[in-house]
Amino acid sequence: MPEQPTVRTADGTVQGRWDQGSAVFRGIPYAQPPVGALRFAAPVPPRPWTGTRQATEFGPAVPQSGPIRARTGEDTDWLTLNVSTPDLGSAGLPVLVWIHGGGYLAGTAADPMYDPTRLSAAGLVVVSLNYRVGAEGFALLDGAPPNRGLLDQLAALEWVQRNIASFGGNPQHVTVAGQSAGAGSIAALLTMAPARGLFRRAITHSVPGNFCTRALAEEVATALADRLGAAPTAAALAEVAPDRLAEALTSFSADLPARYARWGRLAQTGVAVCPVLDGDVLAETPWVALTHGRATGTELLVGHTRDEFRLFSVMAGRAGGFTDEEARTALDLFAPAPDGPRRYRAAAPQATPSELLETVYSDALFRMPSLHLARANAAGGGTSFLFELCLVAPAMGGALGACHSIDVPLAFSSWDSPTARDLFGDPPAPEARAVSQELHQAWIRFATTGTPGWAAHRPDRRLTRVLDTTSTTVPYPEQHSHRIWENHLPTPFGLSG
């Protein structure tokens, strides 16, 4: 085996390292650092280099906001990607491009939970990327293009088209995959004209319903800038250091619930920035665009967990402790009008306030956006495959249930990651390994052939793979929620008064 794997890209030569039989390259720039004159600008192609660039370390994390953040440093080469390939000499392996989650506020491709080793060993070329999050990527500012985080993702996918053949990948055989904010980003990409032809298939776990109107995004940007004593313009905020802006967004997001009378659902989520329906980069929500034929469907694998919101209840120390008033507020804000609150209560008359709150939040924020994306994609001429993960994580005595994010280490089979150990133990139980094997193989089959191994979700059958200690393929299992939401597509967050 050669000492070090070396590849010539369109911008220059990179040298990676061997890892368990795969050639691994890290920290390859797909755009110039978005700082200085490029702060808040659309991504600009990287400058070519001479000689050989060492590509053995992950690129630095983008400035982070929110309660869970990756470490950041002084290096501003934020827009980088990583490639793991089992065969540099291949004529064209299937490619999987991973877009991380993090609530549009945080996240990094360097998270060990996203270890590509097993996917790459199975014959996939795996690409992961960092993109601008928080105010850098999603605040709507005068003098700056909107949805810069999505533009970064487009730039990375364009890099893949130019370069992945040199890593053994087939640029015509690209699958994009993401969870949470990564899945929401992919839902947006499905409808964006510049993304056409950049990928063939898509995998979306826990698609969030977080999209907001331009009017709301403008008010959010103004309020955030006011907090810093600045105008809501790219020129003014460019004078604010990125780490200071990220910290300001963290404290601002924590104060959002006080603004729910005006900002409604967005205020209740505690996430101040998300993709904006700006009329340029994004004209409408993906559900509307696909359902009404203004975007073309694709081969789509989409799923959610059974107890999506439980993670956030536990993180807040509130699991099982929500009040009647909090449940009423959740139902009034997030259940579909006009009779959603009544229908939720009628469907579960014995439910506690916590159970009602978690159900409507799970539905509105993740489960119904995921279900409706599968249906909209089929309406747009695509083929959709749906799953629900019901495996309970044993951590904390099972208190997390089948919560948001536990599907990610299962799909990657990243058992050595701290997250997998915390959730499933070390070693994990045979039941967890079995579910992981099925989901992991579903990803590989889908990226390779376009089918995960179970029947498609169609309007006449609505079949869903339920992943659990004993997995089955059944009609969509969350029938009460489905009936409440059947005629209600997710709507963007907007102003309430």
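- Side-chain contact check for T323 and E326: at least one donor-acceptor pair (N or O, by modelled atom type) lies under 3.5 Å.
- Looking at Q15 and Q54, their side chains do bring a donor and an acceptor atom within 3.5 Å of each other.
- Here CG of L373 is found 6.5 Å from CG of L290. Values are rounded to the nearest 0.5 Å.
- At a cut-off of 3.5 Å, with distance as the only test, no side-chain donor of S128 or H100 sits close to an acceptor on the other residue.
- A ring-centre distance under 6.0 Å is found for F366 and H404.
- Residues E358 and S313 bring a donor and an acceptor atom of their side chains to less than 3.5 Å of each other.
- In this structure, the side chain of R201 does not engage the main chain of V174 through any donor-acceptor pair within 3.5 Å.
- The two residues A135 and L224 have their closest heavy-atom pair at CB-CD2, 4.1 Å.
- The minimum heavy-atom distance between S370 and G303, with the atom names listed, is OG-O, 3.7 Å.
- At least one donor-acceptor pair closer than 3.5 Å links the side chain of T108 to the backbone N or O of A110.
- Salt bridge annotation for D278-R148: absent, with no cationic side-chain nitrogen under 4.0 angstrom from a carboxylate oxygen.
- Checking R265 against T491 by side-chain atom types alone, a donor-acceptor pair falls below 3.5 Å.
- For R294 and E284, the salt-bridge test passes: some basic side-chain N is under 4.0 Å from an acidic carboxylate O.
- A pairwise comparison of heavy atoms in P43 and L151 identifies CG-O, 3.5 Å as the closest pair.
- Side-chain contact annotation: Q153 with S185, donor-acceptor N/O pair under 3.5 Å present.
- The CZ atom of R214 sits 13.5 Å away from the CD atom of E219 when rounded to the nearest 0.5 Å.
- Comment: R227 engages D255 in a salt bridge, judged by a side-chain N to carboxylate O separation of less than 4.0 angstrom.
- Between W287 and F211, the ring planes are perpendicular. Angles over 60° get that label, and only those under 30° would be called parallel.
- In this structure, the side chain of S481 does not engage the main chain of D363 through any donor-acceptor pair within 3.5 Å.
- Although no hydrogens or angles enter the test, the distance criterion places a donor-acceptor pair under 3.5 Å between the side chain of S65 and the main chain of A246.
- Using modelled atom types, one side-chain atom of N163 and one backbone atom of A10 make a donor-acceptor pair closer than 3.5 Å.
- Between F312 and F309, the ring planes are tilted. Angles from 30° to 60° get that label.
- Between the CG atom of L157 and the CZ atom of R162 there is a distance of 11.0 Å, given to the nearest 0.5 Å.
- Remark: aromatic rings of F167 and F25 are close, center separation under 6.0 Å.
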